[in-house]
Amino acid sequence: MVAHAEDAWFRRFHAAPEARERLVCLPHAGGSASFYFPVSRALAPDVEVLAVQYPGRQDRRHEPFLTTIDAMADAVAELLGDKTDRPLALFGHSMGAMVAYEVARRLESAGGSVDTLFVSGRRAPSRQRDESVHTRTDEGVLDELRRLSGTEMDLLGDEDVVRMILPVVRNDYRAVETYRHVPGTPLAAPVVAFTGTDDPVASVAEVRSWADHTAAGFELVTLQGGHFFLTRHQDVILRYLADRLVDKGRVHV
């Protein structure tokens, strides 16, 4: 049962049996595990990359959605709880950053540890905005996707694709927009936050507030671009991950 659940939730795109570190990557709203294929390709075999596949999309499209950040975090944390054979790091973009943070909290509360929490394109959990994209019409949700440039514009013109992705996107926005941070003990793990200079949903000041959520070190990495700045600066982020996760020079990206 557990093995089956693990196979459903995690994608290993490249074998890394001798990896010295494990990096779990959590996708953004509407995203899927395949978004992190380039990360796995770049860091293997020195880092084992596990990309999370949420229910309700791609090969899990017939499974019911998880409708809250807490439910997503509960599922991932439970599966990671027994993975103590190597240091564990977490990387999440946008919604994935929220899930990764809550996963880290759960693992630490259970006596586990997280080597580093990498967050991208998301303001700190304590920095709340009043948002309601998930209550908009279909066209309103699509307008938000266009604003963030998270989906190729030609795909949005394909009615079949739009019909397929809208329920996923709406569900994930509902999870993000109904999340409320519960204050607690700061993380023992250091936090590294990546942000775009022109991200409309996460200002640099809001991202800097991640420093309030860790008792260890905090680093802010600011790059030019909007919400999906990481696609433009993929090489920079991959080099940064490589330097942070393994001995310098052992991973070539």
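Reckoned from all heavy atoms, side chains included, excluding hydrogens, waters and symmetry mates. The structure displayed is predicted, hence computed values, not measured ones.
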Original post:
Stepwise, does the side-chain contact (heavy atoms from CB on, under 4.5 Å) test hold for Asp199 with Glu206?
Top reply: CA-CA 11 Å; Asp199 190 337; Glu206 289 173 318; over 6 Å; no
Rounded to the nearest 0.5 Å, what separates atom [atom1] in [X] from atom [atom2] in [Y]?
X      : Y      : atom1 : atom2 : answer
Asp212 : Leu187 : CG    : CG    : 12.0 Å
Leu117 : Glu108 : CG    : CD    : 9.0 Å
Asp115 : Arg86  : CG    : CZ    : 13.0 Å
Arg60  : Gln58  : CZ    : CD    : 11.5 Å
Arg208 : Arg127 : CZ    : CZ    : 10.0 Å
Gln128 : Arg123 : CD    : CZ    : 6.5 Å

For [Y], does its backbone N or O pair with a side-chain atom of [X] as donor and acceptor, under 3.5 Å?
X      : Y      : value
Gln53  : Ala33  : yes
Thr222 : Thr195 : no
Arg170 : Arg136 : yes
Tyr173 : Glu131 : no
Tyr36  : Leu26  : yes
His93  : Ser120 : yes

For [X] against [Y], the heavy-atom pair lying closest together:
X      : Y      : answer
Ala75  : Trp9   : CB-CZ2, 3.5 Å
Ala188 : Ala216 : O-CB, 3.3 Å
Ala124 : Ser209 : CB-C, 3.4 Å
Gly31  : Pro27  : C-CB, 3.8 Å
Tyr179 : Glu102 : OH-OE2, 2.5 Å
Met72  : Leu66  : CE-O, 3.3 Å

Would you call [X] and [Y] a salt bridge, using N to O less than 4.0 angstrom?
X      : Y      : result
Asp85  : Arg22  : yes
Asp70  : Arg106 : yes
Arg12  : Glu6   : yes
Arg244 : Glu219 : yes

May I ask whether [X] and [Y] are part of the same hydrophobic cluster, defined by side-chain heavy atoms of I, L, V, M, F, W, Y residues being less than 4.5 angstrom apart, directly or through others?
X      : Y      : result
Phe13  : Phe10  : no
Phe118 : Leu238 : yes
Val49  : Phe37  : no
Phe229 : Val192 : yes
Phe35  : Val168 : no

Original post:
Given Arg57, which of Ile165, Val169, Asp172 fulfils the side-chain contact (heavy atoms from CB on, under 4.5 Å) condition?
Top reply: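 Single side-chain contact (heavy atoms from CB on, under 4.5 Å) partner of Arg57 among Ile165, Val169, Asp172: Asp172.
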Any side-chain heavy atom of [X] sitting closer than 4.5 Å to one from [Y]?
X      : Y      : value
Val47  : Leu241 : no
Leu88  : Leu107 : yes
Pro125 : Trp210 : yes
Leu220 : Val204 : yes
Leu50  : Lys83  : yes

**OP:** May I ask you to check whether His213 and His181 place their ring centres under 6.0 Å from each other?
**Re:** yes
Original post:
Do the two ring centres, one from Phe194 and one from His233, sit under 6.0 Å apart?
Top reply: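 For Phe194 and His233, the ring centres are not under 6.0 Å apart.
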Original post:
How far apart are the C-alpha atoms of Tyr54 and Val99, what are their side-chain angles, what is the distance that settles it, and do they pass the side-chain contact (heavy atoms from CB on, under 4.5 Å) test?
Top reply: CA-CA 11 Å; Tyr54 306 121; Val99 180; 4.1 Å; yes
**OP:** Under the side-chain contact (heavy atoms from CB on, under 4.5 Å) rule, what do His28 and Leu230 come out as? Steps first, then yes or no, please.
**Re:** CA-CA 12 Å; His28 52 279; Leu230 74 173; over 6 Å; no
Original post:
If you count the non-hydrogen atoms of other residues, nucleotides and ligands that lie under 6.0 Å from CD in Glu139, is the total more than 12?
Top reply: yes
Subject >> Non-neighbouring partners of Asp143 that pass salt bridge (charged side-chain N to carboxylate O under 4.0 Å, His left out), sequence neighbours left out >> reply: Arg146
**OP:** Tell me, please, which residues at least two apart from Glu177 pass salt bridge (charged side-chain N to carboxylate O under 4.0 Å, His left out).
**Re:**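 Testing Glu177 for salt bridge (charged side-chain N to carboxylate O under 4.0 Å, His left out), a comparison that skips the adjacent residues, returns none.
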**OP:** Please lay out, stage by stage, how Val236 and Val221 fare under the test side-chain contact (heavy atoms from CB on, under 4.5 Å).
**Re:** CA-CA 10 Å; Val236 174; Val221 181; 5.7 Å; no
